[in-house]
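Contents: one structure, followed by commentary.
As the structure lists them, so they are numbered: ligands from 1, and atoms in each ligand from 1.
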Amino acid sequence: MNDSSRPRDVAPSSTVCVHAGEPADASTGACEPPLHMAVAFAFDDAAQAAGAFTGENDHLIYGRWRNPTVHALELKIAALEAGASPDYECVATASGMAAITAAVLTCCSAGDHVVAPRSMYGESSRLLRERLPRFGIETTFVDQTSASAYAGAIRPNTKLLYVETPANPTLLLTDLRAVVALAREKGLRVLVDSTFATPYCQRPLAFGVDLVVHSMTKAIGGHGDAIGGAIVGGRAIMAGARELAVKSFGGVLSPFNAMLVARGIRTLSLRQKQACATASVLANALAESPHVARVHYPGHASHPQHVLAKSQMSAFGSLVAFEAKGGIAQGRRVLEKVKVVTHAVSLGDVRSLVTHPASTTHASMPADARHAGGIGDGLIRVSCGIEETNDVVDDVLRALD
Ligand code: PLP
């Protein structure tokens with residue numbers, strides 16, 4: 001893939017969010033795409049069936065391999081991440097973890113090695129730390145803010161540089177240009193979990209990343225009512241990813257969830273605009289609060305990688321983390337006192353959510369690994385929704401008082 005075929009580094013417009021992957025239904029004229037729940041698709045004759053299996057024609061065969069509703073969503077996600085470039089495609093999966101597992105195993109086999117961030121989503125960390133070693137794939141965890149830490153961990157059997165930027169829940173960033181340059185020099189692949197950013201805030205393919213994964217459960221779907229995931233990359237690597245993710249592992253997205261996620265995407269840009277604006281106001285307010293030791297938000301000048309954020313993100317995201325003074329006890333008090341913001345895991349929802357990673361999403365991480373990853377006992381993460389900005393900010397400040 002040469003540079004000119006890469007997507008441009010600009011956020012997808014509302015027009016793309018509404019229209020991409022939604023061809024008009026010529027048979028009925030329906031304005032909204034139909035929901036196809038069918039498992040199998042009838043053939044006109046034996047020759048068509050044989051041709052479908054050899055790939056001579058494009059006739060649908062079986063829902064785990066391709067379903068029109070799921071495929072329309074895949075076209076939409078590919079358009080969000082890669083613009084109009086025909087060189088990229090997407091496979092939708094049953095969850096973000098299904099996407100991550102299939103993406104890693106597309107790049108690695110037994111005997112291979114991965115370099116991954118110390119601070120990352122707890123279950124992704126667990127996959128690399130506990131599950132994949134059983135299948136002969138080892139991981140070294142590094143300080144993701146340093147490209148030289150990635151470089152220093154590379155071994156002769158390294159195949160993949162794993163990136164999560166911004167990271168859950170520390171909001172630490174990884175320099176996409178630097179990691180891609182390193183991977184090109186060493187002949188490695190780069191996978192980016194871009195869930196926190198969404199394509200509205202960041203488009204890693206534009207930097208030459210090989211695979212982007214999303215938990216569509218989060219802001220892409222946006223309404224807290226559908227679990228789903230996606231992998232996006234160049235056509236050659238995606239052919240293998242699709243075979244693994246859905247054909248063999250069976251981690252296929254249900255058509256019903258595909259419909260819900262596609263509906264969510266139509267307002268992605270509008271929702272992200274409001275949620276990112278609230279996150280920015282919240283970060284400023286928390287930075288002024290006497291009850292807060294530290295704020296983590298890539299859009300705030302106090303973030304140690306604010307300059308990097310400006311150079312690789314088009315907006316700074318809807319998530320803010322902070323360390324409340326008073327440690328774990330004060331952290332828990334805040335969770336119990338919020339009224340507008342809901343105390344629940346997950347993120348990217350239309351409703352604002354607050355969580356305490358040390359006791360929930362990252363509880364499976366050993367405490368020393370958690371601390372090394374910057375996830376202190378009192379760290380609180382707020383996912384800003386689309387409520388009025390003042391309602392969210394006042395609620396969090398009141399809970400802190
Ligand atoms: N990646 C990140 C950054 C996440 O925060 C999550 C879940 O919180 C996942 C992946 C997993 O997504 P899912 O719950 O859809 O499997």
Side-chain angles (χ1 to χ4, degrees), residues 73 77 81 90-105 114 116-129 131-132 141 144 162-174 191-202 204 209 211-232 245-246 249-254 257-258 260-261 264-265 275 296 298 313 317-321 342 344-349 353-365 370 373-375 379-384:
L73 172 65
I77 304 278
E81 282 293 351
C90 165
V91 60
T93 57
S95 67
M97 284 314 300
I100 289 166
T101 306
V104 171
L105 294 177
V114 180
R118 263 193 221 135
S119 168
M120 69 194 302
Y121 174 55
E123 194 58 42
S124 308
S125 169
R126 194 175 200 181
L127 172 76
L128 296 166
R129 188 167 30 83
R131 319 260 194 238
L132 292 184
F141 294 93
Q144 69 238 59
Y162 189 116
V163 173
E164 186 180 298
T165 184
N168 184 358
T170 55
L171 282 305
L172 289 173
L173 308 184
T174 299
L191 181 162
V192 174
D193 182 339
S194 197
T195 298
F196 263 39
T198 81
Y200 179 79
C201 299
Q202 167 178 287
V209 157
L211 288 173
V212 176
V213 291
H214 282 288
S215 166
M216 299 197 295
T217 316
K218 308 299 181 324
I220 286 186
H223 292 73
D225 55 9
I227 302 268
I231 313 173
V232 195
V246 292
F249 296 164
V252 65
L253 185 68
S254 92
N257 278 10
L260 290 176
V261 172
I265 291 174
H296 308 267
M313 300 180 77
S318 57
L319 284 125
V320 180
T342 303
V345 295
S346 203
L347 55 106
D349 200 336
L353 302 169
V354 63
T355 182
H356 177 231
S359 63
T360 56
T361 46
H362 290 67
S364 72
M365 267 175 110
R370 189 161 47 70
I375 304 160
L379 190 77
I380 292 177
R381 188 193 74 191
V382 181
S383 166
C384 297

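Considering backbone and side-chain atoms together, Ser124 places no N or O closer than 3.5 Å to any N or O of ligand 1. Looking at ligand 1, you'll find an N or O of Met97 within less than 3.5 Å of one of its N or O atoms.
Between atom OG1 of residue Thr355 and atom CG of residue Leu347 there is a gap of 9.5 Å, rounded to the nearest 0.5 Å. A distance of 10.0 Å separates CG of Asn257 from CG of Leu73, quoted to the nearest 0.5 Å.
Near Gly228, meaning under 4.0 Å from any of its heavy atoms, are these atoms of ligand 1: 15 (O). Those atoms of ligand 1 with a heavy atom of Thr217 less than 4.0 angstrom away are 13 (P), 15 (O). Close approach of ligand 1 to Gly96 (heavy-atom distance below 4.0 Å) involves ligand atoms 12 (O), 13 (P), 15 (O), 16 (O). Set against the non-hydrogen atoms of Asp193, the atoms of ligand 1 under 4.0 Å away are 1 (N), 2 (C), 3 (C), 10 (C).
At distances below 3.5 Å, at least one donor-acceptor pair connects side-chain atoms of Thr217 with backbone N or O atoms of Gly228. Checking side-chain atoms of Thr93 against main-chain N and O of Ser95 turns up a donor-acceptor pair under 3.5 Å. Counting only distance, with no hydrogens or angles, the side chain of Glu164 and the backbone of Tyr121 share a donor-acceptor pair below 3.5 Å.
Regarding atom 5 (O) of ligand 1, its nearest protein heavy-atom neighbour is Asn168 ND2, 2.9 Å. What sits closest to atom 4 (C) of ligand 1 on the protein, heavy atoms only, is Tyr121 CG, 3.5 Å.
Using modelled atom types, one finds no donor on one side chain facing an acceptor on the other under 3.5 Å when comparing Thr174 with Gln144.
Looking at Ile100 against ligand 1, only its side chain comes within 4.0 Å, counting heavy atoms. Contacts of Lys218 with ligand 1, taken as heavy-atom pairs under 4.0 Å, involve the side chain alone.
Side-chain atoms of Val212 and Cys90, non-hydrogen and from C-beta on, never get closer than 4.5 Å to each other.
Within the 4.0 Å heavy-atom cutoff, Val345 does not count among the residues contacting ligand 1.
Asp225 and Leu260 make their closest contact through O-CD1, 3.7 Å (heavy atoms, listed as atom of the first residue, atom of the second, distance).
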